[in-house]
Amino acid sequence: MAETYAVGGIRSDEGTGVKFWLDTLKSRLWLTLVTYVLYMTLYLLTDEVMREFYLGGHSLLDYVLDVGTTLVCIFLFVQLSIFYSHIISRCFMSFDKPYRHLLVYSVMLLLMNNLTLTCCRC
């Protein structure tokens, strides 16, 4: 029977490689929804223009377009982040020193995500 090791949401089944819990579309959609709720909460708390937009008398189409484009952008960002996560885990994750490699993995993922957001602003 194969042994299973777990480090930071990553499972390693000997003989089958590394599997992520985000390999299903359902879990990626849930992550997108959670990210959207956190993003909107932070945005509404910190941006007065955004509060005026959502509390103002705009048409329903304006709200639907805003929510739709925001959800699509967040879904694409989540997909890129999961892609980076797969690539970084293949390069940097090892189970002989899990905490050191998990720290390197987390920092690299943070840097890649910030680089993606910086490039999207230009």
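The basis for the numbers below is simple: all heavy atoms, side chains too, and nothing from hydrogens, waters or symmetry mates.
By the criterion of side-chain heavy atoms lying less than 4.5 angstrom apart, applied directly or through intervening Ile, Leu, Val, Met, Phe, Trp or Tyr residues, F53 is grouped together with M40 in one hydrophobic cluster.
Residues passing the ring pair (Phe, Tyr, Trp, His ring centres under 6.0 Å) test with Y43, sequence neighbours excluded: Y39. For T46, the side chain to side chain contact (heavy atoms under 4.5 Å, CB included) test picks out L42, with sequence neighbours left out. Among residues two or more places apart in sequence or in another chain, the side chain to side chain contact (heavy atoms under 4.5 Å, CB included) test is passed with V107 by L103, L111. Residues satisfying the side chain to side chain donor-acceptor pair (under 3.5 Å) test with S81, not counting sequence neighbours, are N113. Residues passing the side chain to side chain donor-acceptor pair (under 3.5 Å) test with Y36, sequence neighbours excluded: none.
The two residues Y63 and H58 come nearest to each other via the heavy atoms CE1-O, 3.5 Å. Pairing each heavy atom of M50 with each of L44, the nearest pair is CG-CD2, 3.8 Å.
For the atom pair CG (L115) and CE (M108), the distance works out to 10.0 Å, reported to the nearest 0.5 Å.
A heavy-atom distance below 4.5 Å is found between the side chains of F83 and I87.
With 3.5 Å as the limit, one finds a donor-acceptor pair spanning the side chains of S27 and T24.
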Distance-only donor-acceptor pairs under 3.5 Å for side chains of residues 65-80, two or more places apart:
from: D66; atom 1: OD2; to: Y54; atom 2: OH; distance (Å): 2.1
from: T69; atom 1: OG1; to: L65; atom 2: O; distance (Å): 2.9
from: T69; atom 1: OG1; to: D66; atom 2: O; distance (Å): 3.2
from: T70; atom 1: OG1; to: D66; atom 2: O; distance (Å): 2.7
from: Q79; atom 1: OE1; to: R28; atom 2: NH1; distance (Å): 2.6

